[in-house]
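Have a look at the structure below before the remarks.
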Amino acid sequence: MNESEIARICKALGDENRLQIINMLTGGELCACKILDAFNITQPTLSHHMKILTECNLVNSRKEGKWTYYSINSGKFSEFKDAVSEFTSKASSAKKSDGKCCCKD
């Protein structure tokens, strides 16, 4: 997973409503109407949130008649978790600075 993809996912998860949607979807697939019922937002606003979540592949969508159903893409979450873990493991194993800065003589 590259930095651009990681940044897109972080931006998607940086919205409280989208985090709540993700939390709802951890219980299983939901119809858009069920998600909408849980929020005080309009249908176009929900569509905007779902577009962001599906475009970064955190959420899968499928159409059934006039309804759209959403579910968590657990594979993408696993990839994201691994990428974040890689950052943290690099940070914890990095050598500490000797206190000298390139700007100081």
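Sequence positions, counted from 1, serve as the residue numbers for this chain. Not measured: the values here are computed from a predicted model. Heavy-atom basis, side chains included; hydrogens, waters and symmetry copies ignored.
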Report yes or no: do Ile52 and Phe80 belong to one cluster of Ile/Leu/Val/Met/Phe/Trp/Tyr joined by side chain heavy-atom distances under 4.5 Å?
no
Could you list the donor-acceptor pairs under 3.5 angstrom formed by side chains in residues 4-14, with sequence neighbours left out?
| unit_1 | atom_1 | unit_2 | atom_2 | d |
| --- | --- | --- | --- | --- |
| Glu5 | OE2 | Lys76 | NZ | 2.4 |
| Arg8 | NH2 | Glu55 | O | 3.4 |

Please evaluate residues Ile21 and Leu30 with respect to the criterion side-chain contact (heavy atoms from CB on, under 4.5 Å), reporting the C-alpha separation (whole Å), side-chain torsions for both, the decisive distance (0.1 Å), and the verdict.
CA-CA 10 Å; Ile21 292 167; Leu30 289 173; over 6 Å; no
Between Ile22 and Phe77, is any pair of side-chain heavy atoms under 4.5 Å apart?
yes
Side chains of Leu19 and Asn23: does their closest heavy-atom pair fall under 4.5 Å?
no
Give, for atom CG of Asn40 and atom CG of Asn17, the distance between the pair rounded to the nearest 0.5 Å.
10.0 Å
Please list, chain by chain and in numerical order, all residues satisfying salt bridge (charged side-chain N to carboxylate O under 4.0 Å, His left out) with Glu64, sequence neighbours excluded.
Arg62
Heavy atoms only: give me the nearest Gln20-Phe39 pair and the separation to one decimal.
OE1-CE2, 3.0 Å
Note: Thr26 and Ile72 closest approach over all heavy atoms is N-CG1, 4.0 Å
Only distances under 3.5 Å count here; give the side-chain donor-acceptor pairs of residues 44-51 to other protein atoms, sequence neighbours excluded, each with its distance to 0.1 Å.
| unit_1 | atom_1 | unit_2 | atom_2 | d |
| --- | --- | --- | --- | --- |
| Thr45 | OG1 | Thr42 | OG1 | 2.9 |
| Ser47 | OG | Gln43 | O | 3.2 |
| Ser47 | OG | Gln43 | NE2 | 2.7 |
| His49 | ND1 | Arg18 | NH1 | 3.0 |

Is the number of heavy atoms from other residues, nucleotides or ligands under 6.0 Å of Asn2 CG greater than 12?
yes
Suppose the criterion is salt bridge (charged side-chain N to carboxylate O under 4.0 Å, His left out): which pairs have a residue in residues 31-50, not counting sequence neighbours?
none
Between Ser78 and Ser74, is there a donor-acceptor pair closer than 3.5 Å when you use the side chain of the first and the backbone of the second?
no
My understanding is that a hydrophobic cluster links ILVMFWY residues whose side chain heavy atoms are under 4.5 Å apart, including indirect links. Using that, what else belongs to the cluster containing Tyr69?
Trp67
Which residues pass the side-chain hydrogen bond (donor to acceptor under 3.5 Å, both in side chains) test with Lys63, not counting sequence neighbours?
Thr68
